[in-house]
Amino acid sequence: MADGIIKKLSEDVVIFIFFRLPVKSLMRFKYVSKSFFTLIESSTFINLYLYNTTASRDEYILLKRCFIQENNQYKTILSFLAGDDDDYLNPIFQDLDVTHLTSTRNCDHDQLIGPCHGLMALMNTQTTILFNPSTRNYRPLRPSPFGCPQGFHRCIQAVGFGFDTVSNDYKVVRISIIYKVDYDDEYPEERERKFEVYDLGIDYWRELDNLSQELTTFCVTHCSQMFYKGACHWIASLDIEAYIILCFDMSSETFRSLKIPESCHIINGPTCRLALVHDTLTLIYYPYPEPEIPLEKDLINIWFMKEYNVYESWIRKYTIRGLLIDSPLTGWKGYLLLYQSRNGCLMSYNLNSNDVGEFNFNGYPKSLRAIVYKDSLTSIPRESEHTKQVYQF
């Protein structure tokens, strides 16, 4: 019957109707008829659907948070949220316990990265899970085979996830430092740095050589990664005062850097976080969370880079004073700053009205991560057509 309806309607009309539906509804139509299934599974429709959702009402929030358990280990929960006209967040799926996919020993080593063409990565020092929050499909990636010799310790300093438009493949990046183990030395000796890349299409990890020594000696700030304009971006420092945005191009596999408009400090603040607002590279400067913040430091500056890779295009768009914040999480709707409070609550600050909002979502302090995403049908590549490596939450 459905096939007969499609024959009466043009494909353009069907596509227009399907574009109005969320992924959850589209999944039901896939199995109504063979014609619907073929259309929804086609790469053309998947790409058009991904780039058709442009309004803020099409945006969702993925929230990661941790809870401490009796054995001093951590449980990790993902919450899938949608906003309403009153800027409040409501669950669209039941909360998902992903403790078995993440670290139970530390609450802030699990990183959420994305979205990239509709996919996200949940990463810690050992594990990478690639998933689509709309279809709820996921794939655990093969662990890196690279270790270090006996008597040495490998510290993962930064991770990244993005898409290489030249090879048409997703990639994972890891930056690590090899230290010599010395239990008597408070500051162990750094021996070398390792740069690893994982190619999803061929399921293969490899190490990079012959990289620029000038840029590979930077220390990367925790939780500062973002994929934008074909490159992974991190806040990094050469010393305690000289901060930059460190970029790794996914296609050329080379490092470069962007200058930041203000200085920041790892200890006394201000510290800074990368974000995307209106598809513009954004830097959020905020006070280091001390017990008492001096009045001259108690401000948040938000900078936009109006023209990418042009230092002169940085403009300070907002200045916020007196907002008690642990760290910013993400921008939402173009006028809301989502952040976590010092006691682990999800909060919002309205950049237009200066109103502060508190949501009914909390976790262990400093464990919250949040990403804005849009509905996507993007499938996760498999290692082999004959082996099932993609699962569903």
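Everything numeric in this text was worked out from a predicted model, so none of it was measured.
Proximity of D326 to Y339: side-chain heavy atoms (C-beta onward) are nowhere separated by under 4.5 Å. Side-chain contact between S134 and Y373 is present, with at least one heavy-atom pair separated by less than 4.5 Å. Using a 4.5 Å heavy-atom threshold, the side chains of L141 and Y198 count as touching. Side-chain atoms of K366 and R342, non-hydrogen and from C-beta on, never get closer than 4.5 Å to each other. Y286 is listed as a side-chain neighbour of R273, based on a closest heavy-atom distance under 4.5 Å. Looking at heavy atoms from C-beta onward, K171 lies in side-chain contact with D199 at the 4.5 angstrom threshold. Looking only at side-chain heavy atoms (C-beta outward), E253 and V197 come within less than 4.5 Å of each other. At least one side-chain heavy atom of I235 sits under 4.5 Å from a side-chain heavy atom of L274.
Within the model, atoms OG1 of T128 and CZ of R174 stand 7.0 Å from one another, a figure rounded to the nearest 0.5 Å. Rounded to the nearest 0.5 angstrom, L89 CG and L346 CG are separated by 6.5 Å. Atoms CG and CG, on L336 and N352 in that order, are 8.0 Å from each other to the nearest 0.5 Å. In this structure, R65 CZ and S79 OG are separated by 3.5 Å, a value rounded to the nearest 0.5 Å. Here the CG atom belonging to L63 is positioned 10.5 Å from the CZ atom belonging to F80, to the nearest 0.5 angstrom. Here the SG atom belonging to C272 is positioned 5.0 Å from the OH atom belonging to Y285, to the nearest 0.5 angstrom.
Side chain of S313 to backbone of E307: a donor-acceptor contact under 3.5 angstrom is found. In terms of modelled atom types and a separation under 3.5 Å, the side chain of D249 and the main chain of T254 share no donor-acceptor contact. Of the possible donor and acceptor atoms, none in the side chain of S237 sits under 3.5 Å from a partner among the backbone N and O of Y243.
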Begin with the C-alpha distance, continue with both residues' side-chain angles, and end with the deciding distance and a verdict on side chain to side chain contact (heavy atoms under 4.5 Å, CB included) for W205 and V172.
CA-CA 9 Å; W205 283 95; V172 172; 4.0 Å; yes
Show, in sequence, the C-alpha distance, side-chain angles and deciding distance for L122 and F131, and conclude whether the side chain to side chain contact (heavy atoms under 4.5 Å, CB included) test is met.
CA-CA 8 Å; L122 178 61; F131 67 102; 4.0 Å; yes
Verdict with supporting geometry, R369 and Q340, side chain to side chain contact (heavy atoms under 4.5 Å, CB included):
CA-CA 9 Å; R369 305 286 182 269; Q340 60 181 323; 4.1 Å; yes
Go through it in stages, so that I can follow the logic: the residues are T282 and T280, the test is side chain to side chain donor-acceptor pair (under 3.5 Å), and I'd like the CA-CA distance, side-chain angles, deciding distance and then a yes or no.
CA-CA 6 Å; T282 305; T280 299; 5.9 Å; no
Determine, stepwise, if the pair K259 / I244 fulfils side chain to side chain contact (heavy atoms under 4.5 Å, CB included).
CA-CA 5 Å; K259 291 182 180 180; I244 59 165; 5.7 Å; no
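For Q392, the CD atom sits in a packed shell: over 12 heavy atoms of surrounding residues, nucleotides or ligands are nearer than 6.0 Å.
Under the 30°/60° scheme for interplanar angles, the aromatic rings of W303 and W314 are found to stand perpendicular. Ring planes of H117 and F163: tilted class, angle from 30 to 60°. Classification of the Y308-Y228 ring pair by plane angle, with boundaries at 30° and 60°, yields perpendicular.
Across I380 and N132, no two heavy atoms sit closer than the pair CD1-N, 4.1 Å. A pairwise comparison of heavy atoms in V173 and M250 identifies CG2-CE, 3.6 Å as the closest pair. Heavy-atom minimum distance, P287 versus I325: CD-CG2, 4.4 Å. The heavy-atom pair separating L81 from I92 by the smallest distance is N-CG1, 4.2 Å. Counting all heavy atoms, side chain and backbone alike, P115 lies closest to I371 at CD-CG2, 3.6 Å. Listed here is the closest heavy atom pair of L276 and L281: CD2-N, 3.9 Å.
Under the 3.5 Å distance criterion, with hydrogens and angles disregarded, a donor-acceptor pair is assigned to the side chains of S376 and T378. Remark: the N301 side chain and the T319 side chain contain an N/O donor-acceptor pair separated by less than 3.5 Å. Looking at S144 and E196, their side chains do bring a donor and an acceptor atom within 3.5 Å of each other.
Side-chain contacts under 4.5 Å among hydrophobic residues (ILVMFWY), followed directly or transitively, place I77 together with F67. In this structure, Y204 belongs to a hydrophobic cluster whose other members, linked by side-chain heavy atoms under 4.5 Å apart, are I202.
By the 6.0 Å and 45° rule, R136 stacks over the aromatic ring of F93. In this structure, R206 fails the cation-pi test against F195, since its NZ or CZ atom is not both closer than 6.0 Å to the six-membered ring centre and inside 45 degrees of the ring normal.
Each of L338 and L324 belongs to its own hydrophobic cluster when Ile, Leu, Val, Met, Phe, Trp and Tyr are linked at side-chain heavy-atom distances under 4.5 angstrom.
Ring-centre distance between F161 and Y170: below the 6.0 Å cut-off.
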